[in-house]
Amino acid sequence: MKEEEKQNKKTVPMKGKSAMKKRWVYPAVYLSFAAVILTSVLWYQNDAKNTENNNTPDSALEDNGAAVPVSLTKEVFQMPVSDPEAIEVVKDFFSPEAPAQEQEAALVFYNNIYYQNRGIDLATADNKAFDVTAALSGSVVKVSKDPALGFVVEVKHDKGVVTHYSSLASVSVKQGDQVKQGAVLGQAGENAYDTDAKIHAHFEVRKDGEAVDPVMAWDQSVAQLATAVDDSRKEMKKAEEQKKAEEKKPAEEKKPAPKAEDKGSKDSKDTKDSKGTKDTKDTKHMKDGKDGKDANREQESSSQSAEDTNAPAADDSGASE
């Protein structure tokens, strides 16, 4: 009996142990645990990254809310050459506020006419060619060859700012290229516009199409330069308005008196003249009356004297008779 019970017990299968004996069970369990762990790690990393971005002090968003690369917002203008220490400025920007001697040095003589230098000319001390680079990252909007200026390259930036490079002997970019700061645009060369400068590169910075002194741009971002130029223009406009107002004041002071005042003056003058004439006339009449009265008196006195003289004569005549 006991042996039968033992046999029966041995033949009863255990569900747990039976399942664990299958080959696919252990790999499935391992894969499940691995998936849970991997999901937890990815979730933690994503959460940490979001927290770091929220705590970043420098935002990559401009005022209009458009996302831009952080590197571009921090870029500042640099000298447009690969080796700034080997380059010198051989001709400065023409500034109306500069002394006469500096203004004369910033003129370009071409075709018997003097032109104001609207940028700066860069050259080496030994008059050798050198690489001309992008002063700031941007988009190439112009590549052309000018008969007087040589090869010309223009790069567009934000805020209406454009950098201009000319007097190039060759170019390394084409229109439509996106260039990074420091990228080679071409090589410096000679041009017919400024033969005295020999091998050089002409560099300009323009804001809304108007050339500004590149010295203002050094170590400044596009936004800082645009703000500085706008403030400078506002001050110049205000000064011009004040000057015009001061010039207008003397002109107003020299204006003739109003017509009403002239009429009044004329009436006063006429009244005065009429009064003076009347007074003179009355005075003359009074004088004439006085003189006539005196004349009558004298005539009467003369008649009376004549009568007195004639009377005794008549008496004498009667007495003789």
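No hydrogens, no waters, no symmetry mates; every other heavy atom, side chains included, goes into these values. Along the sequence shown, the residues carry numbers beginning at 1.
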I199-L168 co-clustered via ILVMFWY side chain contacts under 4.5 Å: no
Can you see which heavy atom on Q103 is nearest to which on A98, and at what distance? NE2-O, 3.2 Å
If only atom types and distance count, is the side chain of Q116 paired as donor or acceptor with the main-chain N or O of A106 below 3.5 Å? no
Shortest non-hydrogen contact from D194 toward N191: N-OD1, 2.9 Å
Which atom of A201 lies closest to which atom of S167, heavy atoms considered: CA-CB, 4.4 Å
To the nearest 0.5 Å, atom CE of M79 lies from atom CH2 of W218 at 5.0 Å
Measure from the side-chain N and O atoms of H200 to the backbone N and O of A188, and report whether any donor-acceptor pair falls under 3.5 Å. no
Test of understanding: clusters of I, L, V, M, F, W, Y form through side-chain heavy atoms closer than 4.5 Å, transitively. Do I120 and M216 belong to the same one? yes
Evaluate the side chain to side chain contact (heavy atoms under 4.5 Å, CB included) criterion for residues V89 and D121: first the C-alpha distance (whole Å), next the side-chain angles of each, then the deciding distance (0.1 Å), finally the verdict. CA-CA 6 Å; V89 179; D121 294 338; over 6 Å; no
Atom pair CG/CD of D131 and Q187 - distance to nearest 0.5 Å: 5.0 Å
D219 side chain vs V76 backbone, donor-acceptor pair below 3.5 Å: no
How would you list, by chain and number, every residue that makes a side chain to side chain donor-acceptor pair (under 3.5 Å) with D213, sequence neighbours excluded? none
Between V179 and V140, is there a side-chain heavy-atom distance shorter than 4.5 Å? yes
Ignoring hydrogens, what is the shortest heavy-atom contact between V90 and A123? Give both atom names and the distance. CG1-CB, 3.8 Å
Do the rings of H202 and H164 sit parallel, tilted or perpendicular, given the 30° and 60° boundaries? perpendicular
Can you check whether V141's main-chain N or O pairs, donor with acceptor, with E154's side chain at less than 3.5 Å? no
Do T163 and P80 make a side-chain contact, defined as non-hydrogen atoms from C-beta onward lying under 4.5 Å apart? no
So which atom in D126 and which in K128 form the shortest heavy-atom distance, rounded to 0.1 Å? OD2-CD, 3.2 Å
I'd like to know if L185 and V222 are part of one continuous hydrophobic network [Ile/Leu/Val/Met/Phe/Trp/Tyr, side-chain heavy atoms within less than 4.5 Å]. yes
Let me confirm one number: the CG-OG distance from D177 to S139, rounded to the nearest 0.5 Å. 8.0 Å
Tell me if a side-chain donor or acceptor on T133 pairs with a main-chain N or O of V184 at a distance below 3.5 Å. no
Test applied, side-chain hydrogen bond (donor to acceptor under 3.5 Å, both in side chains); reference residue, S137; option that passes from Q181, E75, H157, K180: E75
Does N117 reach the main-chain N or O of D92 with its side chain, forming a donor-acceptor pair under 3.5 Å? yes
From L225 CG over to D230 CG, what is the distance, rounded to the nearest 0.5 angstrom? 9.0 Å
Taking the side chain as every heavy atom from C-beta outward, state whether F77 and V161 have any atom pair closer than 4.5 Å. yes
First locate atom CG of N111, then atom OH of Y193, and finally report the distance between them rounded to the nearest 0.5 Å. 10.0 Å
Does A228 offer a backbone N or O that forms a donor-acceptor pair with the side chain of S232 under 3.5 Å? no
Interatomic distance, N127 atom CG to E190 atom CD [nearest 0.5 angstrom]: 6.5 Å
Membership question, hydrophobic clusters at under 4.5 Å side-chain separation (ILVMFWY): are F203 and F151 in the same one? yes
Give the cluster check for Y165 versus V162: same hydrophobic cluster or not, with ILVMFWY residues linked at side-chain heavy-atom distances below 4.5 Å. no
Please name the pair of heavy atoms, one in A226 and one in K159, separated by the smallest distance, quoted to 0.1 Å. CB-CB, 3.8 Å
Could you check if a side-chain atom of T195 sits within less than 4.5 angstrom of a side-chain atom of Y110, using non-hydrogen atoms only? no
